[in-house]
There are 2 protein chains.
Amino acid sequence: MRADAQRNAEKLRAAAAELFQERGLKVPLKEIARRAGVSHGTLYNLFGTREALIDEVVAGLAADRLGEAAEHALSFEEAGEGFAYYAERVCELQATDPAVADVVSGRYPAAECLMAICGRAQDAATRIIERARLAGAIRPDFTGEDLLLFFGTNALLARAVADTAPDAWRRQVAFLLDGLSAETSQGPLSVAPLTPQQMYDVMGRLAGAP
Amino acid sequence: MRADAQRNAEKLRAAAAELFQERGLKVPLKEIARRAGVSHGTLYNLFGTREALIDEVVAGLAADRLGEAAEHALSFEEAGEGFAYYAERVCELQATDPAVADVVSGRYPAAECLMAICGRAQDAATRIIERARLAGAIRPDFTGEDLLLFFGTNALLARAVADTAPDAWRRQVAFLLDGLSAETSQGPLSVAPLTPQQMYDVMGRLAGAP
DNA sequence: AGCATTCTTGACCCTGGGGTCAACTTACGC
DNA sequence: GCGTAAGTTGACCCCAGGGTCAAGAATGCT
């Protein structure tokens, strides 16, 4: 790769990181190129697709943020507190960084690193929930799928309130967390959790896929 | 108004009602005209704006559905049951009828009838919540704004799952309702509910306004 | 039945996003 | 320092949706 191409790729990565974090993973690619001071043809030439760019720019960031949250959650003595920390922290990440919000609640099958990270995050979440369940801290029928769906709606809510009342999402989180304490269940749930394939479909549509 | 124009307006209203209920209030106007068997120019000529068409076609329907739900909710002996019925019923309406979903969680300032209906629905919801609160059936810090925000996210969730697992939203509703029972509150909420102006902003953005 | 008025039509414009490629420019090895 | 391979550019294409309007068609009054 020639030196100028290298430089342009770097400029594009920087611009993409900025814009993804400001406005989410759906910003127009032409706008990224504009901010990088480069023709959009160059962007297509160097990265080919949006997902390739996302994979290079966002994967590391997401891995850090989500990994840290999970690790910290598992370090709590009280499993219930760890779970509450994790749920609220992920929601907070979604609220403060649209890129993370889209990673958590989106669908990027061609972004390999990102997919790996999502898998790991999903596993961590399951462990955190399981631990809280075993400790009797949350109702036993709450699953990882339920949490992921909640994150999906939280991403949209957090973005909707961002300019108006940036903490408004916290109330919804509080209602969920307070309500999950084990004793509240009033009869069995009438619906089963979704299968992985269903989750994949649904998260795509939540994020606005065709 | 000439007889043919009258007929066309009727065909357009019928087509709009169908498409709004199938796909929500954002269907392309050209598609409505196509289904009505009429040029899209005619639609613009007869109705002018999307909101005018919505106001004529959807307002009555929404009033019926929401009014009935509220009325029935208030007829329960147990205020808490009435509240639970209302919340779940509105979510169900949203899940089964995208038009209602968009009415509840959207923003149509130029649609006068619709605005009036939304106001009345809002009032009814407040009464239902207040009644449940006075009966000690739900945590006292839950407000009408919280319920409306929940409806807003439910609209998106219900639409996302519609083709895959059409009842998946019920789990989230169950977590909320089970969790609102008065005893669960673990300390005061850290955030105040939104003001009407803020709600207006936020609902617009949730529904995907500019 | 004739004709003014009212309606309808569809071609047209605009916006904004994704994506391609021939022609130009630049870097770098020799 | 020069030729060639590598890289860049921006005009161009696509699509979908909103919206307008001159020309032509239909209605209904007299």
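Proteins come first, then strands; the chains are lettered A, B, ... in the order of their sequence lines, and each starts at number 1.
Both cation-pi conditions hold for R107(B) and Y200(B): the charged atom is under 6.0 angstrom from the six-membered ring centre and inside a 45 degree cone around its axis.
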side-chain hydrogen bond (donor to acceptor under 3.5 Å, both in side chains), that's the test. Do T195(B) and Q197(B) meet it? Break it down for me. CA-CA 5 Å; T195(B) 65; Q197(B) 176 59 46; over 6 Å; no

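When each of K30(B) and Q6(B) is assigned the nucleotide of DNA chain C bearing its nearest heavy atom, the one mapping closer to the 5' terminus is Q6(B).
As rounded to whole Å, 14 Å separates atom P of dC7(C) from atom CG of L12(B). As rounded to whole Å, 16 Å separates atom C1' of dC21(C) from atom CG of L43(A). If you measure from atom CD of E10(B) to atom P of dT8(C), you get 13 Å, rounded to the nearest angstrom. The CD atom of E51(B) sits 14 Å away from the C1' atom of dG18(D) (whole-angstrom rounding). Rounding to whole angstrom units, CG of residue L29(A) and P of dG19(C) are separated by 7 Å. Atom CG of N8(A) and atom P of dA27(C) are 10 Å apart (whole Å). Rounded to whole angstrom, the span from the CD atom of E31(B) across to the P atom of dG17(D) amounts to 7 Å. Protein atom CZ of F47(A) is 16 Å distant from nucleotide atom P of dG18(C), rounded to whole Å.
Put simply, the residue from K26(A), R50(A), R23(A) that forms a salt bridge (charged side-chain N to carboxylate O under 4.0 Å, His left out) with E31(A) is R23(A).
Residue-environment remark: CD (E68(A)) stays at or below the threshold of 12 foreign heavy atoms within 6.0 Å.
Remark: nothing in residues 16-24 of chain A comes within less than 4.0 Å of DNA chain C through any heavy atom.
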Polar atom pairs (N or O), protein with nucleotides 20-23 of chain D, under 3.5 Å:
from    : atom 1 : to     : atom 2 : distance (Å)
dT20(D) : O4     : H40(B) : NE2    : 3.2

What N/O pairs connect the protein and nucleotides 28-30 of chain C at under 3.5 Å? Give each pair on its own line.
from    : atom 1 : to    : atom 2 : distance (Å)
dC28(C) : OP1    : A3(A) : N      : 3.0

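A salt bridge links R159(A) with D102(A): the closest approach of a Lys/Arg side-chain nitrogen to an acidic carboxylate oxygen falls below 4.0 angstrom. Ion pairing between R7(B) and E10(B) fails under the 4.0 Å rule for side-chain N and carboxylate O. The pair R170(A)-D167(A) meets the salt-bridge criterion, since a charged nitrogen lies less than 4.0 angstrom from a carboxylate oxygen.
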Name the atoms and distances for all side-chain donor-acceptor pairs under 3.5 Å in residues 33-41 of chain B, with sequence neighbours left out.
from   : atom 1 : to     : atom 2 : distance (Å)
R35(B) : NH1    : E18(B) : OE1    : 2.6
R35(B) : NH1    : E22(B) : OE2    : 3.1
R35(B) : NH2    : E22(B) : OE1    : 3.3
S39(B) : OG     : G41(B) : N      : 2.9

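Neither side chain, E51(A) nor T49(A), offers a donor N or O lying under 3.5 Å from an acceptor on the other.
At least one side-chain nitrogen or oxygen of N45(A) sits closer than 4.0 Å to the OP1 or OP2 atom of dT8(D).
Not a single salt bridge (Lys or Arg N to Asp or Glu O under 4.0 Å) links R127(B) to another residue, sequence neighbours left out. Residues forming a salt bridge (Lys or Arg N to Asp or Glu O under 4.0 Å) with D146(A) (at least two apart in sequence, or on another chain): R171(B).
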